[in-house]
Amino acid sequence: MADAHFEANNVLDILRERGFVQQVTNDDRVRSQLASGRVTYYVGFDPTAPSLHVGSMVPLMAMAHLARAGHRPIAVLGGGTTMIGDPSGRSELRQVMAVEQIQANRSQIEPQVRRFLAAASDAIVVDNAEWLIPLNYLEFLRDIGRHFSVNRMLAAEAYKLRLEKGLSFIEFNYQLLQAYDFLVLWRRHGCTLQMGGDDQWGNMLAGTDLIRRLHQEDVQALTFPLIQTASGAKMGKTAAGAVWLAADRTSPFDFFQYFVNVDDRDVGRFLRLLTFLPLPEIARLEALVGAELREAKRVLAHEITAIVHGLAAADAARSAALAAFGGVAGGDRSVPTYSVTAGELQGGLKVVDLLAAAGLAASKSAARRLVEQGGVKLGDRRIASVSDTVSVSDVADEGTLLHAGKKHLRRIVRA
RNA sequence: GGAGGGGUUCCCGAGCGGUCAAAGGGAACAGACUGUAAAUCUGUCGCCACUGGCUUCGAAGGUUCGAAUCCUUCCCCCUCCA
(Lines give C-alpha, C1' and ligand atoms only; values in the text may rest on other atoms or scores of the structure.)
Protein backbone atom coordinates (compact mmCIF):
# COMPACT_ATOMS: atom_id res chain seq x y z
CA MET A 1 0.00 0.00 0.00
CA ALA A 2 2.67 2.47 1.00
CA ASP A 3 4.59 4.17 -1.76
CA ALA A 4 8.33 4.07 -1.17
CA HIS A 5 8.89 7.67 -2.12
CA PHE A 6 6.09 9.11 -0.03
CA GLU A 7 6.75 6.66 2.78
CA ALA A 8 10.40 7.58 3.13
CA ASN A 9 9.82 11.20 3.90
CA ASN A 10 6.39 11.61 5.33
CA VAL A 11 5.44 15.28 5.24
CA LEU A 12 3.44 14.93 8.40
CA ASP A 13 6.70 14.44 10.22
CA ILE A 14 8.17 17.50 8.58
CA LEU A 15 5.15 19.58 9.52
CA ARG A 16 5.23 18.31 13.06
CA GLU A 17 8.95 18.87 13.56
CA ARG A 18 8.58 22.39 12.33
CA GLY A 19 5.67 23.20 14.57
CA PHE A 20 2.88 23.37 12.02
CA VAL A 21 0.55 20.89 13.66
CA GLN A 22 -1.99 21.95 16.21
CA GLN A 23 -4.82 19.45 15.76
CA VAL A 24 -5.39 16.54 13.42
CA THR A 25 -8.58 14.57 12.95
CA ASN A 26 -6.79 11.26 12.80
CA ASP A 27 -3.04 11.23 12.97
CA ASP A 28 -2.57 7.66 11.73
CA ARG A 29 -4.94 8.16 8.84
CA VAL A 30 -3.24 11.32 7.69
CA ARG A 31 0.12 9.65 7.99
CA SER A 32 -0.83 6.56 5.98
CA GLN A 33 -2.66 8.68 3.45
CA LEU A 34 0.42 10.81 2.89
CA ALA A 35 2.58 7.69 2.74
CA SER A 36 0.53 5.80 0.22
CA GLY A 37 0.59 8.22 -2.67
CA ARG A 38 -0.26 11.68 -3.87
CA VAL A 39 -2.73 13.44 -1.69
CA THR A 40 -4.82 16.34 -2.88
CA TYR A 41 -5.14 18.88 -0.09
CA TYR A 42 -6.67 22.30 0.27
CA VAL A 43 -6.37 25.51 2.21
CA GLY A 44 -8.75 28.43 1.98
CA PHE A 45 -7.89 32.12 1.95
CA ASP A 46 -10.53 34.77 2.26
CA PRO A 47 -9.82 37.82 0.08
CA THR A 48 -10.80 40.39 2.66
CA ALA A 49 -7.94 42.71 1.69
CA PRO A 50 -5.94 43.42 -1.47
CA SER A 51 -2.99 41.52 -0.07
CA LEU A 52 -2.25 38.70 2.30
CA HIS A 53 -0.11 39.55 5.30
CA VAL A 54 2.50 37.59 7.20
CA GLY A 55 -0.24 35.89 9.21
CA SER A 56 -0.99 33.83 6.12
CA MET A 57 2.59 32.69 5.84
CA VAL A 58 2.07 29.68 8.06
CA PRO A 59 -0.63 28.07 5.91
CA LEU A 60 1.23 29.06 2.77
CA MET A 61 4.44 27.47 3.99
CA ALA A 62 2.59 24.33 4.99
CA MET A 63 1.14 24.14 1.50
CA ALA A 64 4.60 24.57 0.07
CA HIS A 65 6.00 21.74 2.19
CA LEU A 66 3.33 19.36 0.96
CA ALA A 67 3.82 20.50 -2.61
CA ARG A 68 7.55 19.90 -2.32
CA ALA A 69 6.82 16.44 -1.03
CA GLY A 70 4.92 15.74 -4.20
CA HIS A 71 1.32 16.24 -3.12
CA ARG A 72 -1.21 18.29 -5.00
CA PRO A 73 -2.36 21.63 -3.60
CA ILE A 74 -5.64 23.40 -4.06
CA ALA A 75 -5.84 26.96 -2.89
CA VAL A 76 -9.39 28.15 -2.47
CA LEU A 77 -9.81 31.87 -2.68
CA GLY A 78 -13.03 32.48 -0.83
CA GLY A 79 -14.72 34.93 -3.12
CA GLY A 80 -18.03 33.37 -2.15
CA THR A 81 -17.50 32.83 1.56
CA THR A 82 -16.15 36.35 1.98
CA MET A 83 -19.57 37.60 0.96
CA ILE A 84 -20.75 36.03 4.20
CA GLY A 85 -17.87 36.61 6.60
CA ASP A 86 -16.47 34.08 9.01
CA PRO A 87 -17.58 34.74 12.57
CA SER A 88 -15.12 32.23 14.06
CA GLY A 89 -13.24 33.80 16.91
CA ARG A 90 -14.47 37.26 16.05
CA SER A 91 -16.17 39.45 18.53
CA GLU A 92 -17.93 41.75 16.12
CA LEU A 93 -20.11 41.35 13.10
CA ARG A 94 -17.87 41.36 10.09
CA GLN A 95 -18.44 44.21 7.72
CA VAL A 96 -20.21 43.10 4.58
CA MET A 97 -17.92 43.62 1.63
CA ALA A 98 -18.83 44.73 -1.86
CA VAL A 99 -18.60 41.97 -4.42
CA GLU A 100 -16.42 44.06 -6.75
CA GLN A 101 -14.01 44.68 -3.89
CA ILE A 102 -13.80 40.98 -3.12
CA GLN A 103 -13.11 40.12 -6.73
CA ALA A 104 -10.45 42.82 -7.00
CA ASN A 105 -8.79 41.52 -3.87
CA ARG A 106 -8.91 37.99 -5.15
CA SER A 107 -7.02 38.79 -8.31
CA GLN A 108 -4.30 40.55 -6.32
CA ILE A 109 -3.92 37.72 -3.87
CA GLU A 110 -3.82 34.93 -6.40
CA PRO A 111 -0.22 35.49 -7.54
CA GLN A 112 0.90 35.74 -3.92
CA VAL A 113 -0.56 32.33 -3.24
CA ARG A 114 0.74 30.76 -6.43
CA ARG A 115 4.25 31.67 -5.47
CA PHE A 116 4.07 29.11 -2.68
CA LEU A 117 2.65 26.38 -4.86
CA ALA A 118 5.36 26.51 -7.49
CA ALA A 119 6.72 23.09 -6.53
CA ALA A 120 3.55 21.46 -7.83
CA SER A 121 3.10 21.78 -11.56
CA ASP A 122 -0.60 20.96 -11.34
CA ALA A 123 -1.55 23.19 -8.44
CA ILE A 124 -5.12 24.36 -8.52
CA VAL A 125 -6.34 27.79 -7.54
CA VAL A 126 -10.09 28.23 -7.49
CA ASP A 127 -12.64 30.73 -6.27
CA ASN A 128 -15.47 29.20 -4.32
CA ALA A 129 -17.79 31.86 -5.70
CA GLU A 130 -17.83 29.58 -8.73
CA TRP A 131 -20.00 27.02 -6.97
CA LEU A 132 -21.42 29.00 -4.08
CA ILE A 133 -23.09 31.77 -6.07
CA PRO A 134 -25.19 29.43 -8.24
CA LEU A 135 -26.45 27.55 -5.20
CA ASN A 136 -30.16 27.19 -4.95
CA TYR A 137 -31.30 28.00 -1.45
CA LEU A 138 -33.98 25.36 -1.07
CA GLU A 139 -31.88 22.64 -2.59
CA PHE A 140 -28.98 23.60 -0.42
CA LEU A 141 -31.06 23.50 2.75
CA ARG A 142 -32.53 20.16 1.78
CA ASP A 143 -29.33 18.44 0.65
CA ILE A 144 -26.72 20.04 2.88
CA GLY A 145 -28.46 21.92 5.67
CA ARG A 146 -30.23 18.81 6.95
CA HIS A 147 -26.90 17.34 7.97
CA PHE A 148 -26.08 20.13 10.37
CA SER A 149 -27.11 20.12 13.99
CA VAL A 150 -27.75 23.59 15.31
CA ASN A 151 -27.29 22.31 18.83
CA ARG A 152 -23.83 21.11 18.03
CA MET A 153 -22.88 24.29 16.21
CA LEU A 154 -23.97 26.38 19.15
CA ALA A 155 -21.82 24.33 21.46
CA ALA A 156 -18.73 25.01 19.36
CA GLU A 157 -15.91 26.99 20.91
CA ALA A 158 -15.66 29.24 17.90
CA TYR A 159 -19.10 30.69 18.56
CA LYS A 160 -18.78 31.17 22.31
CA LEU A 161 -17.84 34.82 22.05
CA ARG A 162 -20.53 35.48 19.55
CA LEU A 163 -23.23 33.85 21.59
CA GLU A 164 -22.67 36.54 24.14
CA LYS A 165 -22.29 39.36 21.68
CA GLY A 166 -24.70 38.34 18.98
CA LEU A 167 -24.44 36.16 15.93
CA SER A 168 -26.43 36.87 12.82
CA PHE A 169 -27.96 34.17 10.68
CA ILE A 170 -25.82 35.04 7.69
CA GLU A 171 -22.67 34.32 9.64
CA PHE A 172 -24.12 31.21 11.11
CA ASN A 173 -24.17 29.83 7.58
CA TYR A 174 -20.48 30.32 7.02
CA GLN A 175 -19.68 26.92 8.42
CA LEU A 176 -22.08 25.18 6.06
CA LEU A 177 -20.51 26.90 3.10
CA GLN A 178 -17.00 25.98 4.12
CA ALA A 179 -18.10 22.39 4.67
CA TYR A 180 -19.70 22.47 1.26
CA ASP A 181 -16.43 23.69 -0.25
CA PHE A 182 -14.68 20.60 1.05
CA LEU A 183 -17.42 18.41 -0.36
CA VAL A 184 -17.14 20.03 -3.78
CA LEU A 185 -13.38 19.67 -3.81
CA TRP A 186 -13.62 16.06 -2.74
CA ARG A 187 -16.11 15.31 -5.51
CA ARG A 188 -14.29 17.23 -8.22
CA HIS A 189 -10.66 16.66 -7.37
CA GLY A 190 -10.57 13.86 -4.85
CA CYS A 191 -9.37 16.27 -2.19
CA THR A 192 -9.01 14.38 1.08
CA LEU A 193 -7.23 16.78 3.40
CA GLN A 194 -8.09 20.27 4.49
CA MET A 195 -5.67 22.43 6.43
CA GLY A 196 -6.09 25.82 8.05
CA GLY A 197 -5.63 27.96 11.11
CA ASP A 198 -6.79 26.51 14.38
CA ASP A 199 -9.70 28.94 14.49
CA GLN A 200 -11.02 27.04 11.48
CA TRP A 201 -11.15 23.71 13.29
CA GLY A 202 -14.91 23.72 13.73
CA ASN A 203 -15.56 24.65 10.13
CA MET A 204 -13.15 22.01 8.92
CA LEU A 205 -14.72 19.29 11.01
CA ALA A 206 -18.08 20.28 9.61
CA GLY A 207 -16.64 19.44 6.21
CA THR A 208 -15.24 16.05 7.14
CA ASP A 209 -18.55 15.19 8.83
CA LEU A 210 -20.54 16.24 5.82
CA ILE A 211 -18.49 14.06 3.49
CA ARG A 212 -18.77 11.14 5.88
CA ARG A 213 -22.54 11.48 6.07
CA LEU A 214 -23.05 11.84 2.36
CA HIS A 215 -20.41 9.47 1.07
CA GLN A 216 -19.18 7.42 4.00
CA GLU A 217 -15.74 8.67 3.13
CA ASP A 218 -13.14 9.40 5.79
CA VAL A 219 -11.38 12.64 4.86
CA GLN A 220 -9.05 14.52 7.17
CA ALA A 221 -8.41 17.94 8.63
CA LEU A 222 -5.31 19.46 10.17
CA THR A 223 -4.90 22.81 11.86
CA PHE A 224 -1.93 25.09 12.42
CA PRO A 225 -1.30 26.88 15.67
CA LEU A 226 -2.28 30.53 15.62
CA ILE A 227 1.00 32.34 15.81
CA GLN A 228 1.47 35.00 18.39
CA THR A 229 4.66 36.82 19.15
CA ALA A 230 6.38 36.15 22.43
CA SER A 231 4.85 39.34 23.78
CA GLY A 232 1.40 38.03 23.02
CA ALA A 233 0.56 40.19 20.05
CA LYS A 234 -0.70 38.79 16.81
CA MET A 235 2.23 38.24 14.51
CA GLY A 236 2.65 40.87 11.86
CA LYS A 237 1.12 43.82 13.60
CA THR A 238 3.08 47.03 13.75
CA ALA A 239 2.39 50.67 14.40
CA ALA A 240 1.95 51.15 10.68
CA GLY A 241 -0.54 48.31 10.54
CA ALA A 242 -0.10 44.81 9.22
CA VAL A 243 3.02 43.52 7.55
CA TRP A 244 1.81 42.79 4.05
CA LEU A 245 3.15 40.45 1.43
CA ALA A 246 2.53 42.99 -1.32
CA ALA A 247 5.66 45.05 -1.98
CA ASP A 248 3.68 48.20 -2.60
CA ARG A 249 2.07 47.98 0.84
CA THR A 250 5.09 46.88 2.87
CA SER A 251 8.39 47.50 1.13
CA PRO A 252 10.82 44.57 1.07
CA PHE A 253 13.07 46.70 3.24
CA ASP A 254 10.43 47.19 5.92
CA PHE A 255 9.43 43.55 5.57
CA PHE A 256 13.02 42.52 6.19
CA GLN A 257 13.30 44.90 9.12
CA TYR A 258 10.19 43.48 10.74
CA PHE A 259 11.89 40.11 11.08
CA VAL A 260 15.23 41.52 12.14
CA ASN A 261 13.37 43.14 14.99
CA VAL A 262 11.54 40.09 16.30
CA ASP A 263 11.75 39.08 19.90
CA ASP A 264 14.67 36.75 20.73
CA ARG A 265 12.21 34.13 21.90
CA ASP A 266 10.52 33.96 18.50
CA VAL A 267 13.59 33.33 16.38
CA GLY A 268 13.65 29.53 16.44
CA ARG A 269 9.95 29.11 15.98
CA PHE A 270 9.82 31.57 13.11
CA LEU A 271 12.80 29.94 11.41
CA ARG A 272 11.04 26.60 11.50
CA LEU A 273 7.70 27.90 10.34
CA LEU A 274 8.66 30.58 7.90
CA THR A 275 11.79 29.33 6.18
CA PHE A 276 12.84 26.14 4.47
CA LEU A 277 16.19 25.96 6.25
CA PRO A 278 17.04 22.46 7.41
CA LEU A 279 16.44 21.81 11.09
CA PRO A 280 20.10 21.25 12.04
CA GLU A 281 20.92 24.65 10.58
CA ILE A 282 18.07 26.20 12.53
CA ALA A 283 19.23 24.48 15.68
CA ARG A 284 22.64 26.06 15.22
CA LEU A 285 21.21 29.54 14.62
CA GLU A 286 18.81 29.29 17.47
CA ALA A 287 21.60 28.29 19.85
CA LEU A 288 23.39 31.59 19.32
CA VAL A 289 23.26 33.76 22.39
CA GLY A 290 23.27 37.44 23.15
CA ALA A 291 24.18 39.78 20.36
CA GLU A 292 25.12 36.80 18.22
CA LEU A 293 21.47 36.01 17.89
CA ARG A 294 21.14 39.01 15.64
CA GLU A 295 22.88 36.94 13.00
CA ALA A 296 20.07 34.42 13.26
CA LYS A 297 17.55 37.21 12.89
CA ARG A 298 19.27 38.43 9.76
CA VAL A 299 19.16 34.94 8.32
CA LEU A 300 15.51 34.67 9.24
CA ALA A 301 14.70 38.01 7.67
CA HIS A 302 16.68 37.26 4.55
CA GLU A 303 15.15 33.83 4.04
CA ILE A 304 11.59 35.01 4.44
CA THR A 305 12.11 38.07 2.29
CA ALA A 306 13.59 35.84 -0.40
CA ILE A 307 10.60 33.54 -0.28
CA VAL A 308 8.13 36.38 -0.54
CA HIS A 309 9.94 38.93 -2.69
CA GLY A 310 12.68 36.95 -4.38
CA LEU A 311 16.37 36.62 -3.73
CA ALA A 312 17.37 39.88 -5.35
CA ALA A 313 15.00 41.90 -3.20
CA ALA A 314 16.16 40.03 -0.11
CA ASP A 315 19.80 40.74 -0.88
CA ALA A 316 19.01 44.37 -1.50
CA ALA A 317 17.05 44.68 1.73
CA ARG A 318 19.85 43.06 3.68
CA SER A 319 22.56 45.32 2.34
CA ALA A 320 20.30 48.34 2.77
CA ALA A 321 19.75 47.42 6.39
CA LEU A 322 23.44 46.87 6.98
CA ALA A 323 24.22 50.19 5.40
CA ALA A 324 21.52 52.10 7.20
CA PHE A 325 22.23 50.65 10.60
CA GLY A 326 25.93 50.29 10.03
CA GLY A 327 26.31 54.01 9.60
CA VAL A 328 26.87 54.34 5.87
CA ALA A 329 26.18 57.95 5.07
CA GLY A 330 23.63 57.95 2.28
CA GLY A 331 22.33 54.54 3.10
CA ASP A 332 21.78 52.02 0.41
CA ARG A 333 19.61 52.30 -2.63
CA SER A 334 17.05 49.91 -1.21
CA VAL A 335 16.11 52.07 1.72
CA PRO A 336 12.69 53.43 0.78
CA THR A 337 13.15 56.90 -0.62
CA TYR A 338 11.24 60.13 -0.57
CA SER A 339 11.97 62.85 -3.09
CA VAL A 340 11.92 66.54 -2.42
CA THR A 341 12.02 69.17 -5.12
CA ALA A 342 14.54 71.96 -5.37
CA GLY A 343 11.70 74.40 -4.96
CA GLU A 344 10.68 72.93 -1.63
CA LEU A 345 14.26 73.07 -0.37
CA GLN A 346 14.68 76.67 -1.51
CA GLY A 347 11.63 77.66 0.41
CA GLY A 348 12.97 76.10 3.59
CA LEU A 349 11.11 72.82 4.00
CA LYS A 350 10.20 72.24 7.62
CA VAL A 351 11.50 68.99 9.01
CA VAL A 352 8.15 68.38 10.63
CA ASP A 353 6.39 68.63 7.29
CA LEU A 354 8.96 66.37 5.69
CA LEU A 355 8.46 63.69 8.33
CA ALA A 356 4.74 63.67 7.76
CA ALA A 357 5.03 63.75 3.98
CA ALA A 358 7.57 60.93 3.88
CA GLY A 359 5.31 58.74 5.96
CA LEU A 360 7.57 58.62 8.99
CA ALA A 361 4.95 60.31 11.13
CA ALA A 362 1.20 59.90 11.02
CA SER A 363 0.56 63.62 11.30
CA LYS A 364 2.42 66.84 11.78
CA SER A 365 1.55 66.73 15.45
CA ALA A 366 3.12 63.29 15.67
CA ALA A 367 6.16 64.55 13.78
CA ARG A 368 6.43 67.46 16.18
CA ARG A 369 6.40 65.08 19.12
CA LEU A 370 9.10 62.97 17.56
CA VAL A 371 11.31 66.01 17.24
CA GLU A 372 10.53 67.18 20.76
CA GLN A 373 11.52 63.80 22.08
CA GLY A 374 14.82 63.94 20.29
CA GLY A 375 14.05 61.09 17.94
CA VAL A 376 14.73 62.75 14.64
CA LYS A 377 18.02 62.80 12.79
CA LEU A 378 18.79 64.04 9.30
CA GLY A 379 22.10 62.56 8.26
CA ASP A 380 24.29 63.22 11.29
CA ARG A 381 22.35 66.21 12.41
CA ARG A 382 20.01 65.77 15.32
CA ILE A 383 16.94 67.92 14.77
CA ALA A 384 16.67 70.00 17.89
CA SER A 385 13.72 72.20 17.17
CA VAL A 386 10.34 71.74 15.59
CA SER A 387 10.97 74.82 13.52
CA ASP A 388 14.13 73.46 11.91
CA THR A 389 14.14 73.38 8.16
CA VAL A 390 15.87 71.33 5.51
CA SER A 391 17.97 73.18 2.97
CA VAL A 392 19.62 72.16 -0.25
CA SER A 393 22.93 71.51 1.47
CA ASP A 394 21.27 69.04 3.86
CA VAL A 395 20.47 66.62 1.08
CA ALA A 396 23.53 64.99 -0.38
CA ASP A 397 23.62 63.98 -4.02
CA GLU A 398 23.45 60.33 -3.11
CA GLY A 399 20.63 60.96 -0.69
CA THR A 400 20.52 61.58 3.04
CA LEU A 401 18.91 59.37 5.65
CA LEU A 402 16.10 60.81 7.68
CA HIS A 403 15.70 58.86 10.92
CA ALA A 404 12.51 58.84 12.97
CA GLY A 405 13.51 56.93 16.03
CA LYS A 406 16.07 54.20 15.79
CA LYS A 407 14.27 51.90 13.47
CA HIS A 408 12.35 53.99 11.02
CA LEU A 409 14.05 55.77 8.21
CA ARG A 410 13.70 57.08 4.70
CA ARG A 411 16.31 58.08 2.23
CA ILE A 412 15.67 61.67 1.22
CA VAL A 413 16.71 62.46 -2.31
CA ARG A 414 16.38 65.49 -4.53
CA ALA A 415 13.90 65.10 -7.31
C1' G B 1 -43.91 43.51 19.75
C1' G B 2 -43.12 44.42 25.50
C1' A B 3 -39.64 45.41 29.79
C1' G B 4 -34.78 46.59 31.21
C1' G B 5 -29.46 47.62 30.17
C1' G B 6 -25.88 49.70 26.83
C1' G B 7 -23.09 52.37 22.56
C1' U B 8 -16.74 57.08 25.25
C1' U B 9 -10.49 58.71 22.00
C1' C B 10 -6.45 51.93 18.61
C1' C B 11 -8.55 48.10 22.49
C1' C B 12 -10.58 47.49 27.53
C1' G B 13 -12.79 50.88 30.66
C1' A B 14 -14.05 55.42 34.12
C1' G B 15 -16.80 59.88 33.64
C1' C B 16 -22.96 61.27 34.37
C1' G B 17 -24.04 69.84 33.52
C1' G B 18 -18.66 73.50 33.98
C1' U B 19 -12.14 72.27 36.87
C1' C B 20 -13.06 66.98 30.03
C1' A B 21 -9.24 66.26 24.66
C1' A B 22 -11.88 63.39 28.67
C1' A B 23 -9.23 58.90 34.97
C1' G B 24 -6.96 54.04 34.87
C1' G B 25 -5.00 49.77 32.26
C1' G B 26 -3.28 47.60 27.66
C1' A B 27 -1.18 48.36 22.93
C1' A B 28 1.89 51.73 20.40
C1' C B 29 5.75 55.52 19.83
C1' A B 30 10.28 58.38 21.65
C1' G B 31 14.45 58.80 25.07
C1' A B 32 17.86 56.24 28.62
C1' C B 33 20.02 51.32 29.24
C1' U B 34 21.13 47.39 25.48
C1' G B 35 22.31 43.57 21.03
C1' U B 36 18.12 47.03 15.37
C1' A B 37 16.11 41.71 21.54
C1' A B 38 13.68 41.41 26.42
C1' A B 39 13.01 43.59 31.11
C1' U B 40 13.24 48.29 33.54
C1' C B 41 12.94 53.66 34.10
C1' U B 42 11.24 58.46 31.96
C1' G B 43 8.21 60.85 28.57
C1' U B 44 4.46 60.95 24.68
C1' C B 45 0.02 59.16 22.85
C1' G B 46 -7.12 63.87 18.47
C1' C B 47 -5.79 67.71 14.62
C1' C B 48 -3.71 72.44 13.44
C1' A B 49 -1.03 76.60 15.31
C1' C B 50 5.67 78.71 18.88
C1' U B 51 0.68 78.07 26.15
C1' G B 52 -4.26 79.83 21.21
C1' G B 53 -7.72 77.58 17.98
C1' C B 54 -10.48 73.53 15.89
C1' U B 55 -12.93 68.67 15.68
C1' U B 56 -14.26 64.33 19.04
C1' C B 57 -17.64 60.71 23.46
C1' G B 58 -23.52 55.83 17.98
C1' A B 59 -26.56 59.75 14.46
C1' A B 60 -29.58 64.07 14.03
C1' G B 61 -32.04 67.80 16.56
C1' G B 62 -33.14 70.52 21.29
C1' U B 63 -32.62 72.71 26.50
C1' U B 64 -28.62 75.74 28.74
C1' C B 65 -24.18 81.21 29.51
C1' G B 66 -22.07 76.12 29.15
C1' A B 67 -23.36 68.99 27.48
C1' A B 68 -19.70 63.04 26.79
C1' U B 69 -23.01 64.19 30.88
C1' C B 70 -30.26 66.60 30.58
C1' C B 71 -34.58 66.09 26.71
C1' U B 72 -36.59 64.24 21.74
C1' U B 73 -36.29 61.19 17.50
C1' C B 74 -33.53 57.63 14.89
C1' C B 75 -29.73 53.60 14.24
C1' C B 76 -27.12 49.50 16.45
C1' C B 77 -25.99 45.88 20.47
C1' C B 78 -27.14 42.90 24.99
C1' U B 79 -30.64 40.44 28.68
C1' C B 80 -35.49 38.71 29.90
C1' C B 81 -40.55 38.07 28.07
C1' A B 82 -43.47 37.04 23.33
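The chains referred to below are lettered A, B, ... by the order of the sequence lines, with proteins before strands, and numbering in each begins at 1.
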> With a cut-off of under 6.0 Å to the ring centre and 45° to the axis, is A:R411 in cation-pi contact with A:F253?
Replying inline: no
> CZ of A:R368 versus P of B:C50: gap in Å, rounded?
Replying inline: 6 Å
> Now, which nucleotide makes the Watson-Crick or G-U wobble pair with B:A59, with each of the two distances under 3.5 Å?
Replying inline: B:U73
>> In whole Å, I'd like the distance from the CD atom of A:Q257 to the P atom of B:U36.
In response: 11 Å
>> For the CE atom of A:M57 and the CD1 atom of A:I304, what is their distance to the nearest 0.5 Å?
In response: 5.5 Å
> Is any side-chain nitrogen or oxygen of A:S365 closer than 4.0 Å to OP1 or OP2 of B:C48?
Replying inline: yes
>> List the residues meeting side chain to side chain donor-acceptor pair (under 3.5 Å) with A:H302, not counting sequence neighbours, and say none if there are none.
In response: A:D315
> So what does A:E372 hit on the nucleic acid, given a heavy-atom distance under 4.0 Å: a base, only sugar-phosphate, or nothing?
Replying inline: nothing
>> Rounded to whole Å, how long is the line connecting atom CG of A:N261 with atom P of B:A30?
In response: 10 Å
> Of all heavy-atom pairs between A:W244 and A:F255, which one has the smallest distance, and what is that distance?
Replying inline: O-CD1, 3.6 Å
> Which base, if any, makes a Watson-Crick or G-U wobble pair with B:A30, both distances under 3.5 Å?
Replying inline: B:U42
>> Any residue in residues 352-361 of chain A with a heavy atom nearer than 4.0 angstrom to RNA chain B? Just list them by number, or reply none.
In response: none
> With respect to the phosphate group of B:A49, does any side-chain polar atom (N or O) of A:K364 fall under 4.0 Å of OP1 or OP2?
Replying inline: yes
>> From CZ of A:R369 over to C1' of B:G43, roughly how many Å is that when rounded to an integer?
In response: 12 Å
>> For the P atoms, the ones on B:C10 and on B:A22, what distance do you get once it is rounded to whole angstrom?
In response: 15 Å
>> Does A:V262 reach a base, just sugar-phosphate, or nothing at all? Heavy atoms under 4.0 Å.
In response: sugar-phosphate
>> If I take atom CG in residue A:L285 and atom C1' in nucleotide B:G35, what distance separates them, rounded to the nearest angstrom?
In response: 16 Å
>> Taking only the C1' atom of each, what is the distance from B:G18 to B:C78 in whole angstrom?
In response: 33 Å
> If the C1' atom of B:A30 is compared with that of B:C45, how far apart are they to the nearest Å?
Replying inline: 10 Å
> Touch check for A:G290, heavy atoms < 4.0 angstrom, all strands: base, sugar-phosphate only, or nothing?
Replying inline: base
> Got a sec, which pairs hit salt bridge (Lys or Arg N to Asp or Glu O under 4.0 Å) with one end in residues 350-367 of chain A, sequence neighbours left out?
Replying inline: A:D353-A:K364
> To the side chain of A:K407, which of B:U36, B:C29, B:C50 is closest?
Replying inline: B:U36
> What integer number of Å spans the P atoms of B:U72 and B:A28?
Replying inline: 43 Å
>> Strictly below 4.0 Å, N to O, side chains only: are A:D27 and A:R31 in salt-bridge contact?
In response: yes
> Between the base of B:G43 and the side chain of A:Q373, is there any donor-acceptor pair under 3.5 Å?
Replying inline: yes
> Counting only Watson-Crick or G-U wobble pairs whose two distances fall under 3.5 Å, which nucleotide matches B:U79?
Replying inline: B:A3
>> The test is side chain to side chain contact (heavy atoms under 4.5 Å, CB included); show your working for A:I211 and A:T208 and say whether it passes.
In response: CA-CA 5 Å; A:I211 294 172; A:T208 61; 6.0 Å; no
> Which whole-number value in Å describes the distance from A:E292 CD to B:G35 P?
Replying inline: 12 Å
>> What is the distance, to the nearest angstrom, from the CG atom on A:L300 to the P atom on B:A37?
In response: 15 Å
> Quick one: A:L370 CG to B:C47 C1', roughly how many Å, whole number?
Replying inline: 16 Å
>> Quick check for you: to the nearest 0.5 Å, what is the distance between A:Q257 atom CD and A:L409 atom CG?
In response: 7.5 Å
>> As a test of reading the structure: which of B:A38, B:G35, B:C50 is closest to the side chain of A:R265, going by heavy atoms?
In response: B:A38
> Mind checking the P distance from B:C71 to B:U55? Whole angstroms is fine.
Replying inline: 25 Å
> So which nucleotide from B:A37, B:A30, B:C50 ends up closest to the side chain of A:D264?
Replying inline: B:A37
> With respect to the side chain of A:K406, which nucleotide from B:A37, B:C48, B:U34 is positioned closest?
Replying inline: B:U34
> Once you round to the nearest 0.5 Å, how far does OG1 of A:T389 lie from CD1 of A:I383?
Replying inline: 9.0 Å
> When you compare B:G4 with B:C20, how far apart are their P atoms, in angstrom units rounded to a whole number?
Replying inline: 34 Å
> Which base, if any, makes a Watson-Crick or G-U wobble pair with B:G35, both distances under 3.5 Å?
Replying inline: none
> Under 4.0 Å between a side-chain N/O of A:R294 and OP1 or OP2 of B:U36, yes or no?
Replying inline: yes
